[in-house]
Number of protein chains: 2
Amino acid sequence: MVRKPTSKETARKPNMREAILAAAEELFATNGFNAVSVRDIAQAAGANPGSVTYHFKTKDGLLLEIYRRHCGPMNLRRSELLAAAKRVRDLQDRLEAVVRAYVVPAFTSGSDLAGGGARFTRLRAVMSAEGNEVARKIIAQTFDDTSHAFIDAIHDSLPHIPRTDIVWRSHFLLGALYYSLVTPDRVSRLSRGEADGNDPANAIEQLVQATVAAFQAPALDQAAPARRRTVASSKT
Amino acid sequence: MVRKPTSKETARKPNMREAILAAAEELFATNGFNAVSVRDIAQAAGANPGSVTYHFKTKDGLLLEIYRRHCGPMNLRRSELLAAAKRVRDLQDRLEAVVRAYVVPAFTSGSDLAGGGARFTRLRAVMSAEGNEVARKIIAQTFDDTSHAFIDAIHDSLPHIPRTDIVWRSHFLLGALYYSLVTPDRVSRLSRGEADGNDPANAIEQLVQATVAAFQAPALDQAAPARRRTVASSKT
DNA sequence: TGATCTTTTGTACGATAGTACAAATCACAT
DNA sequence: ATGTGATTTGTACTATCGTACAAAAGATCA
């Protein structure tokens, strides 16, 4: 179905704007923001450096547009999956479903924009590590709502665990998720080839299984820091 | 005790070389490698840009020296703690001790070089995310041994779990560890002030507790991918 | 004190960064 | 066919990057 484009969106190449976005996304996600130049992006997209300025004004504007492009659809998908997960009756099954609803959209690989995808998640991981200012603002105002929704859903499945613990553990989940996308080869290397860190299905199952167990761990009582033993004190 | 310095280590300021290393460590860990200029580092250390070149030749050389300075003592400390942990008789307790031996040196804050410290760990997290070439080489040749030692120790405590699963779960542990050091404020924010993401003791306890439970999760049978339900398929 | 070596300073160079802008080119309506 | 607005190209400007290097300053020992 070839629709007739209006004069507002004509272009010489099929869609140069999209090509630039895709190239920038890939390069930012693998090399970080500062290591990638506008010229690098233009070259990877088969475009002229000036085109980047024309479409996105600044380099920050380009990053901003990448976030705008993905955040909406991704959070929508997560909301749908979360809603479905919340309808699961059995508490144990519901917990797993909720975790899966959080993890799956972050992994589903990214030829389609709608799904969010591993590439965008990796991008977010790298921006978070670099302390990127643009990313920080967007995340705080866009992702915190989603995070709270998931935390609440998980808390509903585990009423006896303090909310504080849930927050910590979902923080760990996000860290593990990010790291799995940033350094998948490390898994292959450490497992001596027995596991494939780049296989999303495998990563998802492993992550879900481990995370569900982590959430189900006994509550960490603030009132009971009297640990049985302290192995960690050999020197001091 | 003021020892007489030889001609090989005299300097105008107490120790400008160390000041540069400390400044670079801090700046790299918070802003990434490429976002920080040699001039930034020199200014933060109260030194002249030329001094950086004099002591470390190149910017890569400076990063390399930071790694060299920390890797040895940190892995040594981990080895000691691991050896102590392995002597714990009870399997459950031993698992926790091993995890703690892995986590604690990564968090212990870093006024002393020997301890490794949170700052250096945060640096490693950022370099890993940026895909830094210098860091990648060092990590593969320095940290993999340590990682294998811990994986083996954990496997000994959990003989019924396949090694592949152990690798995945320790990978998740490292990701959670990194992320906790990179974005501690997110914990405070999401818990609405009830938890302090910047409190190392708290982070360690939460991480150890969650991780031990994750390791103890039932094995993920490769032969049984027939899951009971698939909540994750609402669209496709 | 003066010779010698180490360290710091100051400055400069080439490369590359982000961005601006005029000219060229294209798609489409008339 | 031609005019018009959207897009792409080519190029240039300024700032800053990593690094080099000579001169200045400090420390050490005869």
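Computation of the quantities below employed the complete heavy-atom set of this structure, encompassing side-chain atoms and omitting hydrogens, waters and symmetry-equivalent molecules. In what follows, chains carry the letters A, B, and so on, assigned in the order in which the sequence lines appear, proteins first and then strands, with residues in each chain numbered from 1.
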Handout entry: ring-ring contact (aromatic ring centres under 6.0 Å, His included) contacts in which one or both residues fall within residues 26-58 of chain B, not counting sequence neighbours
Key =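 The answer is F28(B)-F33(B).
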Exercise for the section: May I ask you to verify if any side-chain N or O of N48(B) is less than 4.0 angstrom from the OP1 or OP2 atom of dT8(C)? Expected result: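 The answer is no; no side-chain N or O of N48(B) sits under 4.0 Å from OP1 or OP2.
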Problem - dT8(D) phosphate, OP1 or OP2, under 4.0 Å from H55(A) side-chain N/O - result: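 It does, given that an N or O in the side chain of H55(A) lies less than 4.0 Å from OP1 or OP2 of dT8(D).
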Atom pairs, protein N/O to nucleotides 16-19 of chain C N/O, distance under 3.5 Å:
from: dG18(C); atom 1: OP1; to: K59(A); atom 2: NZ; distance (Å): 2.7
from: dG18(C); atom 1: OP2; to: V38(A); atom 2: N; distance (Å): 2.8
from: dG18(C); atom 1: N7; to: R39(A); atom 2: NH1; distance (Å): 2.7
from: dG18(C); atom 1: O6; to: R39(A); atom 2: NH2; distance (Å): 2.7
from: dT19(C); atom 1: OP2; to: K59(A); atom 2: N; distance (Å): 2.8
from: dT19(C); atom 1: O4; to: R39(A); atom 2: NH2; distance (Å): 3.4

For [X] and [N], give me the distance from atom [atom1] to atom [atom2], rounded to whole Å.
X      : N       : atom1 : atom2 : value
Q43(B) : dT9(C)  : CD    : P     : 13 Å
R17(B) : dT6(C)  : CZ    : P     : 15 Å
F56(B) : dT7(C)  : CZ    : P     : 11 Å
Y54(A) : dA24(C) : OH    : C1'   : 14 Å

Handout entry: Those residues of residues 127-139 of chain A lying under 4.0 Å from DNA chain D by at least one heavy atom
Key =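 Contacts with DNA chain D under 4.0 Å: none.
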Problem - Overall bend - the helix from dT1(C)-dA30(D) to dT30(C)-dA1(D), comparing terminal axes fitted on five pairs, nearest 10 degrees - result: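 The end-segment axes of the helix from dT1(C)-dA30(D) to dT30(C)-dA1(D) are tilted 0° relative to each other.
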Problem - Qualifying residue for side-chain contact (heavy atoms from CB on, under 4.5 Å) with V134(B), from I139(B), L63(B), I66(B) - result: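 Option passing the side-chain contact (heavy atoms from CB on, under 4.5 Å) with V134(B): L63(B).
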Exercise for the section: Inspect the contact between R122(B) and E25(B) and indicate whether a charged nitrogen and a carboxylate oxygen are less than 4.0 angstrom apart. Expected result: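 Looking at E25(B) and R122(B), the cut-off is not met.
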Exercise for the section: Could you give me the CA-CA distance, side-chain angles and deciding distance for R186(A) and D144(B), then say whether salt bridge (Lys or Arg N to Asp or Glu O under 4.0 Å) is met? Expected result: CA-CA 9 Å; R186(A) 184 174 174 272; D144(B) 279 8; 5.1 Å; no
Problem - Qualifying residues under side-chain hydrogen bond (donor to acceptor under 3.5 Å, both in side chains), relative to N34(B), sequence neighbours excluded - result: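 None.
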Handout entry: Y179(B)/F172(A) under ring pair (Phe, Tyr, Trp, His ring centres under 6.0 Å): CA gap, chis, key distance, verdict
Key = CA-CA 7 Å; Y179(B) 194 55; F172(A) 298 151; 9.4 Å; no
Exercise for the section: Test side-chain hydrogen bond (donor to acceptor under 3.5 Å, both in side chains) on Q206(A) and D165(B) and set out the steps. Expected result: CA-CA 7 Å; Q206(A) 290 283 358; D165(B) 293 14; 3.1 Å; yes
Problem - Audit row: S37(B), D40(B), side-chain hydrogen bond (donor to acceptor under 3.5 Å, both in side chains) steps and yes/no - result: CA-CA 5 Å; S37(B) 72; D40(B) 291 337; 3.2 Å; yes
Problem - Closest approach of P49(A) to V38(A) (non-hydrogen atoms, all atoms of both residues) - result: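 For P49(A) versus V38(A), the nearest heavy atoms are O-CG1, 4.2 Å.
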Practice task
Identify, with sequence neighbours excluded, every residue that meets ring-ring contact (aromatic ring centres under 6.0 Å, His included) alongside F143(B).
Solution key: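 Partners of F143(B) under the ring-ring contact (aromatic ring centres under 6.0 Å, His included) test: none.
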Handout entry: Stepwise side-chain hydrogen bond (donor to acceptor under 3.5 Å, both in side chains) test for D185(B) and N198(B)
Key = CA-CA 7 Å; D185(B) 294 331; N198(B) 287 287; 3.1 Å; yes
